[in-house]
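Worksheet for the structure shown next.
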Amino acid sequence: MEEKDKYGKELDLAVRIVHMACSLCQKVQRRLLSTASDQVLAKDDDSPVTIADWSVQASVSWLLSEFLEGQNVSIVAEEDAQTLSKSDAANLLAAVVDTVNECLADAPRYGLRSPKKALGTSQILEAIRRCNSTGGTRGRHWVLDPVDGTLGFVRGDQYAVALALIEDGKLVLGVLGCPNYPMKKELLNYNHQRHQTLPRSPRPSNIWEKGCVMYARRGSGQAWMQPLIHGDMKFEWPNSARLVQVSPVDDPSLATFCEPVEKANSNHSFTAGLASSMGLRKKPMRVHSMVKYAAIARGDAEIFIKFARSGYKEKIWDHAAGVVIIEEAGGVVTDAGGRPLDFSRGVYLEGLDRGIIACSGLALHEKIIGAVYASWDSSNL
Ligand SMILES: Nc1ncnc2c1ncn2[C@@H]1O[C@H](COP(=O)(O)OS(=O)(=O)O)[C@@H](OP(=O)(O)O)[C@H]1O
Ligand SMILES: [Mg+2]
Ligand SMILES: [Mg+2]
Ligand SMILES: [Mg+2]
């Protein structure tokens with residue numbers, strides 16, 4: 001197979017699957033926001049999880065196994081089936097089973113096959129449990145964050161579905177579905193005070209106002225964006241895909257940096273110090289989820305910085321898809337020491353030096369690394 005066609009089949013499959021998963025999430029988010037429900041649960045670390053997280057994981061797992069039959073499909077993903085398997089979780093499990101079957105019944109619209117008959121509870125639990133691979137340096141591993149930014153999802157705000165493929169420890173493709181991130185930034189209602197970054201109308205009618213799916217294949221030098229496939233729209237490959245590129249801005253005073261919304265996930269006062277020391281003047285764009293990676297890849301912002309509290313270990317599914325998309329769009333992603341992220345060492349980004357810095361170009365990147373170096377000793381991280 002020619003190098004340029006390598007992973008073409010896998011990318012095509014992953015893009016279709018992510019479109020489907022985004023549609024599932026939109027339905028669940030609408031229901032969640034319109035009913036005062038108890039459908040948001042807390043995990044052991046107090047982070048939220050919903051029917052959408054489990055349902056996307058089950059659907060993606062089933063579809064990958066179905067289409068890559070014969071291969072021993074290895075998936076590294078965020079959720080497990082423990083809570084759902086408990087005897088008091090029958091209603092929750094039933095809701096997941098319904099949601100997955102509703103989603104898979106739509107598969108032909110995306111050029112995929114539905115199951116011959118609706119999946120049963122045990123098949124769905126099995127599909128979730130199968131995603132317990134720990135990745136590593138050898139072989140192929142799919143990396144899935146079924147709902148990234150679950151907090152944004154339950155707030156009715158930004159979230160993403162992220163699917164990537166690693167082969168022999170290297171990222172080879174990434175797909176990022178952003179259901180509330182319109183094709184054009186101008187269509188986003190960005191409110192600094194309320195930290196809300198939502199499409200301007202709640203039920204947009206124009207496809208450019210709807211969400212997007214971005215994707216890239218390692219080494220292609222290209223990153224693509226498509227409008228989200230909706231309702232009765234037919235999936236036409238490559239469905240108005242357009243190339244995206246990082247921003248050309250390299251003057252810090254004109255650059256925008258993004259960071260997590262929650263102080264608990266990244267040290268806002270440290271990043272504010274960094275920003276001012278390198279001459280960034282604009283307010284930070286605080287957005288939930290890997291939409292931050294999407295924003296850099298398509299030139300809506302120039303910098304993404306995340307410094308988690310010391311002791312927190314970043315997981316590969318929170319970054320994999322975003323990193324390959326930014327890099328192919330012309331950007332740079334490293335840790336705070338300037339080294340590339342290592343996706344080969346299991347579930348965590350082992351060896352990560354302090355934080356993550358994604359940038360539209362080398363000039364800004366060097367300035368931030370320099371600013372981190374200069375301010376680290378005086379910081380209280
Ligand atoms: N303590 C701590 N520090 C750093 N990061 C953490 C922490 N706890 C969780 N996470 C991971 O952060 C993911 C969400 O990141 P965001 O950038 O969307 O955060 S924020 O909601 O905008 O604040 C979130 O992803 P999801 O669980 O998929 O939502 C987590 O994997
Ligand atoms: Mg995540
Ligand atoms: Mg998640
Ligand atoms: Mg989570």
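Quick caveat, the model's predicted, so the values are computed rather than measured. Whatever order the structure lists them in is the order used to number ligands and atoms, beginning at 1.
Contact annotation: for A264 versus ligand 1, heavy atoms closer than 4.0 Å belong to the backbone alone. At a heavy-atom cutoff of 4.0 Å, ligand 1 is contacted by no atom of M290, backbone or side chain.
Taking only non-hydrogen atoms, the option from K315, K292, H288 nearest to atom 17 (O) of ligand 1 is K292. Residue K306 holds the heavy atom nearest to atom 5 (N) of ligand 1 of all those in R309, K306, E314, K263.
In terms of protein heavy-atom proximity, atom 2 (C) of ligand 1 is closest to N265 OD1, 3.3 Å. In terms of protein heavy-atom proximity, atom 29 (O) of ligand 1 is closest to G149 N, 2.8 Å. Atom 18 (O) of ligand 1 has its closest protein heavy atom at S289 N, 2.5 Å. The nearest heavy-atom contact from the protein to atom 31 (O) of ligand 1 is D318 OD2, 2.5 Å. Scanning the protein heavy atoms around atom 9 (C) of ligand 1, the nearest turns out to be Y312 OH, 3.6 Å. From the protein, the heavy atom lying nearest to atom 27 (O) of ligand 1 is E78 OE2, 3.0 Å. Looking from atom 22 (O) of ligand 1 to the surrounding protein, the closest heavy atom is V261 N, 2.7 Å. Nearest non-hydrogen protein atom to atom 23 (O) of ligand 1 is E262 N, 2.7 Å.
Using a 4.0 Å heavy-atom cutoff, V287 is listed among the residues neighbouring ligand 1. At least one heavy atom of V147 sits less than 4.0 Å from an atom of ligand 1. At a 4.0 Å cut-off, not a single heavy atom of S47 sits close enough to ligand 1 to count as contact. Remark: distances from the non-hydrogen atoms of Q158 to ligand 1 are all 4.0 Å or more.
Not one N or O of L151 is nearer than 3.5 Å to an N or O of ligand 1, by distance alone. Distances between N or O atoms of T150 and those of ligand 1 include at least one value under 3.5 Å.
Side-chain atoms of S266 come within 3.5 Å of backbone N or O of F307 as a donor-acceptor pair. Looking only at distances, no side-chain donor or acceptor of E327 sits under 3.5 Å from a matching main-chain atom of V324. Put simply, the side chain of R16 gets close to the backbone of Y110: a donor and an acceptor are under 3.5 Å apart.
For the Mg ion (ligand 3), the N/O/S atoms of D145 include one lying under 2.8 Å. At least one N, O or S atom of V147, from either the backbone or the side chain, sits less than 2.8 Å from the Mg ion (ligand 3).
A donor and an acceptor atom, one from each side chain of D300 and Y181, are located under 3.5 Å apart. Of the N and O atoms on the side chains of H141 and E167, not one donor lies less than 3.5 Å from an acceptor on the other residue. N180 and Q29 are linked by a side-chain donor-acceptor pair at a separation below 3.5 angstrom, with hydrogens and angles left out of the test.
For the atom pair CG (L364) and CD1 (I357), the distance works out to 11.5 Å, reported to the nearest 0.5 Å.
Heavy-atom contacts of D148 reach the following atoms of ligand 1: 25 (O), 26 (P), 28 (O), 29 (O) (cutoff under 4.0 Å). Heavy-atom contacts of D145 reach the following atoms of ligand 1: 28 (O) (cutoff under 4.0 Å). Each of the atoms 3 (N), 4 (C) of ligand 1 lies under 4.0 Å from some heavy atom of A308. In the vicinity of P260, heavy-atom distances shorter than 4.0 Å reach the ligand 1 atoms 17 (O), 19 (O), 20 (S), 22 (O), 23 (O).
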Worksheet entry | Candidate pair T83 and W54, rule side chain to side chain contact (heavy atoms under 4.5 Å, CB included), full reasoning | CA-CA 10 Å; T83 305; W54 287 301; 4.0 Å; yes

Worksheet entry | Stepwise ring pair (Phe, Tyr, Trp, His ring centres under 6.0 Å) check, W376 with F270 | CA-CA 9 Å; W376 189 258; F270 180 68; 5.5 Å; yes

Practice prompt. Determine, step by step, whether I296 and E302 satisfy the side chain to side chain contact (heavy atoms under 4.5 Å, CB included) criterion, reporting the C-alpha distance in whole Å, the side-chain angles of both residues, the deciding distance to 0.1 Å, and the verdict.
Written response: CA-CA 5 Å; I296 308 299; E302 284 73 27; 5.7 Å; no

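With E262 as the fixed residue, the salt bridge (charged side-chain N to carboxylate O under 4.0 Å, His left out) test singles out one of R155, K306, R286, R309: R155. Each of L104, D98, V97 was evaluated against V100; a single residue qualifies, L104, per the side chain to side chain contact (heavy atoms under 4.5 Å, CB included) test.
Between F257 and F304, the distance separating the two ring centers is not shorter than 6.0 angstrom.
Under a cut-off of 6.0 angstrom, the local environment of NZ in K27 is crowded, with over 12 non-hydrogen atoms contributed by other residues, nucleotides or ligands.
For E78, the N, O or S atom with the smallest separation from the Mg ion (ligand 4) is OE2.
Using a cut-off of 4.0 Å between Lys/Arg side-chain N and Asp/Glu carboxylate O, K43 and E78 are scored as salt-bridged.
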